[in-house]
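The block underneath contains the structure these notes are about, expressed in structure tokens.
A, B, ... follow the sequence lines: proteins, then strands. Residue 1 opens every chain. Here the structure is a predicted model, which is why all the values come from computation and not from measurement.
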Protein chains: 2
Amino acid sequence: MATQRTTELRRMLALSYPWVKKPFVVGAPMRIMAGPQLAVAVSAAGGLGFMGPQAKPDGVLADLDKARELVEASNLRHPLLPIGVGFQVWNGDLKVATSAIEKHKPCAVWLFAPKNGQAELDEWTVSLRKASRDTKIWIQVGTLSDAIAAINSSAPPDVLVVQGSEAGGHGMAKESAGTIVLFPEVADAVNARKDLGIPVVAAGGIIDGRGAAAAFSLGAAAVAMGTRFLASSEARIAKGYQDEVVRASDGAKNTLRTHLYNHLRGTFGWPDVFAPRTLINRSWTDHEAGVPFEKLQVLHDEAAKSGDAGWGPEGRLATYVGAGVGLVRDVQDAGAIVENVRNEARGILKALSDDI
Amino acid sequence: MATQRTTELRRMLALSYPWVKKPFVVGAPMRIMAGPQLAVAVSAAGGLGFMGPQAKPDGVLADLDKARELVEASNLRHPLLPIGVGFQVWNGDLKVATSAIEKHKPCAVWLFAPKNGQAELDEWTVSLRKASRDTKIWIQVGTLSDAIAAINSSAPPDVLVVQGSEAGGHGMAKESAGTIVLFPEVADAVNARKDLGIPVVAAGGIIDGRGAAAAFSLGAAAVAMGTRFLASSEARIAKGYQDEVVRASDGAKNTLRTHLYNHLRGTFGWPDVFAPRTLINRSWTDHEAGVPFEKLQVLHDEAAKSGDAGWGPEGRLATYVGAGVGLVRDVQDAGAIVENVRNEARGILKALSDDI
């Protein structure tokens, strides 16, 4: 019965995005790195691509203009703009976001990281729904309690994204768990609200068809991938950073969550409950060895001037990736990634169904 | 091709345990709690049950005698004793273990937690293989580097168990990752040694058919479950502890890894790299609030005298569980757990294969 409900919700999600092929693959809204090129490439391959937040809130306008241009040159045809847009709520600008959504009417908006909990997410949801009635609101959570707050709020989301602790970039600083346990426990709580019918999307640790098939087995209506798309031709990423995504292995040992790199980059103010997962490099090992922040800052800024050489085990720049980075072994076109993950996941599920 | 290799290894594992039904479910060797009753019940239901280590090394002899008696009264018929035996290497007694294995010839031995790395595991493997040629040696690892050390050793295991960070009880203290990323990265490294052909078993966060189907999707040859069997009729567990396993939810928030409870119980000497995942209760919250250890010890020992009341959010006793504890919602017979997980996993894989 649970399986039947999951199937219904998976189909319900798909109805809103008719160009998306089964199984449903989402490109996550990575800040900066998921630009219009990546988002449109993912959608054009039969996935759903999200653009991430930009360096400054009003950057979304230029990105949306560019995305529209790319969509018009593509095979994608849909009444709404067939990509999604992600916003970082705590330092976002709701007015700018609302007018951007009103102008471009993307098919989905993905909200993440409020400073003031669900109340702030409600405020964004209401404002964005007014601006574009048919745009679906996706809300990302990393804990059971935040999921319960979202579904019981006055403005519940259309789609809930559950991010496991494996995810790269910002996620829960503590009190998180791996996708294999977090996802089903949250999904059970969401599905208990039968009146709502909210599809639940899995994020965190999904890199290839194996992870995708695993997430669908857990009950995901779609799988969202971030780190894998850092190593795509369309990612808006420095070569030194991308080279690290391909090179690095053993994310258990070589990644951790820390605010050190945010602070070295001059980013302050993230709500305490969040912290980004990054590859370990010299900034961290020197910090652990007791080098004072001021000195790390100088070395970091020098490294930033050195370009691609600023990344790597001996580099000093932020290298946000998920714990599954060791499964990323090459740069591919985003469309190939989407197709490969889909095919591999389908092949695995078919083989298991036949043999088990 | 990777899928085909995974299928081969899954079948190869099954050949050694002909009474085990597909998909292959393993009862993990939880110390004390997985006694002969639980192990035999899991095997009798078409799984492979392991007994865990006992309070003292020579406890294994009485447990094996009891297991043999239960097997003889069951429908299980096999030239070897159709259950497995787990040993905690760092404080185990290889002489006792060797003579126990020589006498009872169980179908599998599961080795975990050496003090001196792979060299110590090699020593155990060689000694146990001499004692019982056909007993398969399973080695549990929690990191990519330990997996690589195991497969490249002079005495590689017959089966490798990969334990994700979600697991309850003792696992890697740090430098671990969730099953969804750790498993495939380790499996790729193991499968690269084509000359060996070592099946890889997943452990950590597998509680129901969803987790099992997910783990098989990741490439597992079998799934090992611990926490779910704590809430089985056959577990050797106090009612107060078992009630907590059923009651507790949100393992992300309510569990953590700490040695505090080991120390309160008078257990010292675990190698630093390991630490147990436990439910949070008053011992931990008081510790965090600055109550000195000596005082915690007195309160703990009083709680221990109070029996089942010693567990619970206001209790003080060690309550080792995995992060998926929120998915355990009732006590069932071990045989029913095995059968339900198998049926649910098969149903999920079938439904996905048809629909995706």
Side-chain angles (χ1 to χ4, degrees), chain A residues 2-4 6-7 10-11 22-23 142-145 164-166 172 175-185 187-188 204-208 210-219 249-253 255 322-327 344-356, chain B residues 2-4 6-7 10-11 22-23 142-145 164-166 172 175-185 187-188 204-208 210-219 249-253 255 322-327 344-356:
Chain A
T3 304
Q4 197 183 328
T6 301
T7 304
R10 203 168 57 237
R11 289 177 181 166
K22 296 197 283 189
T143 66
L144 179 61
S145 54
S165 56
E166 296 90 349
M172 305 314 295
E175 299 200 346
S176 190
T179 292
I180 202 169
V181 295
L182 184 69
F183 186 90
E185 191 169 4
D188 284 346
I206 303 162
I207 304 285
D208 57 22
R210 291 175 289 185
F216 287 116
S217 295
L218 296 173
S249 66
D250 199 355
K253 191 172 176 178
T255 72
V325 66
L327 297 165
E344 193 190 359
R346 240 197 326 255
I348 288 168
L349 294 167
K350 177 77 169 62
L352 284 171
S353 173
D354 289 348
D355 190 61
I356 266 178
Chain B
T3 303
Q4 197 183 329
T6 301
T7 304
R10 204 167 56 237
R11 290 177 181 166
K22 295 196 284 189
T143 66
L144 179 62
S145 53
S165 56
E166 296 90 349
M172 305 314 294
E175 298 199 348
S176 188
T179 293
I180 201 167
V181 295
L182 183 68
F183 186 90
E185 191 169 5
D188 285 346
I206 303 163
I207 305 285
D208 57 22
R210 292 176 288 185
F216 287 115
S217 296
L218 296 172
S249 66
D250 200 356
K253 192 173 175 178
T255 71
V325 65
L327 297 166
E344 193 191 359
R346 239 195 329 252
I348 288 167
L349 294 166
K350 176 77 170 63
L352 284 171
S353 174
D354 289 349
D355 190 62
I356 264 176

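Across B:Ser217, B:Gly178, B:Gly211, the residue that shares the most heavy-atom pairs under 4.5 angstrom with chain A is B:Ser217. Annotation: maximal heavy-atom pairing with chain B below 4.5 Å, among A:Ile180, A:Leu349, A:Leu182, A:Asp208, occurs at A:Ile180. Among B:Pro184, B:Ala213, B:Ala177, the residue making the largest number of heavy-atom pairs under 4.5 Å with chain A is B:Pro184. In terms of heavy-atom pairs under 4.5 angstrom with chain B, the leader among A:Gly251, A:Gly204, A:Gly324, A:Gly164 is A:Gly324. Listed options B:Thr143, B:Thr179, B:Leu218 were ranked by heavy-atom pairs under 4.5 angstrom with chain A; first place goes to B:Leu218.
Residues passing the salt bridge (charged side-chain N to carboxylate O under 4.0 Å, His left out) test with B:Asp188, sequence neighbours excluded: A:Arg210, A:Arg329. In this view, A:Lys253 satisfies the side chain to side chain donor-acceptor pair (under 3.5 Å) rule with no residue, not counting sequence neighbours.
Only the backbone of A:Ser176 has a heavy atom closer than 4.5 Å to any heavy atom of chain B. Only the side chain of A:Glu166 has a heavy atom closer than 4.5 Å to any heavy atom of chain B. Both the backbone and the side chain of A:Ser249 have a heavy atom closer than 4.5 Å to some heavy atom of chain B.
Distance check, rounded to the nearest 0.5 Å: CG of A:Leu327 to CD of B:Glu185 gives 5.5 Å.
The side chain to side chain contact (heavy atoms under 4.5 Å, CB included) with B:Leu352 is formed by just one residue from the set A:Arg10, A:Lys350, A:Lys22; it is A:Arg10. Across B:Asp354, B:Ile348, B:Asp355, a single residue satisfies side chain to side chain contact (heavy atoms under 4.5 Å, CB included) together with A:Thr7, and that is B:Asp355.
Residues B:Asp250 and A:Ser145 share a closest heavy-atom pair of OD2-N, 4.3 Å.
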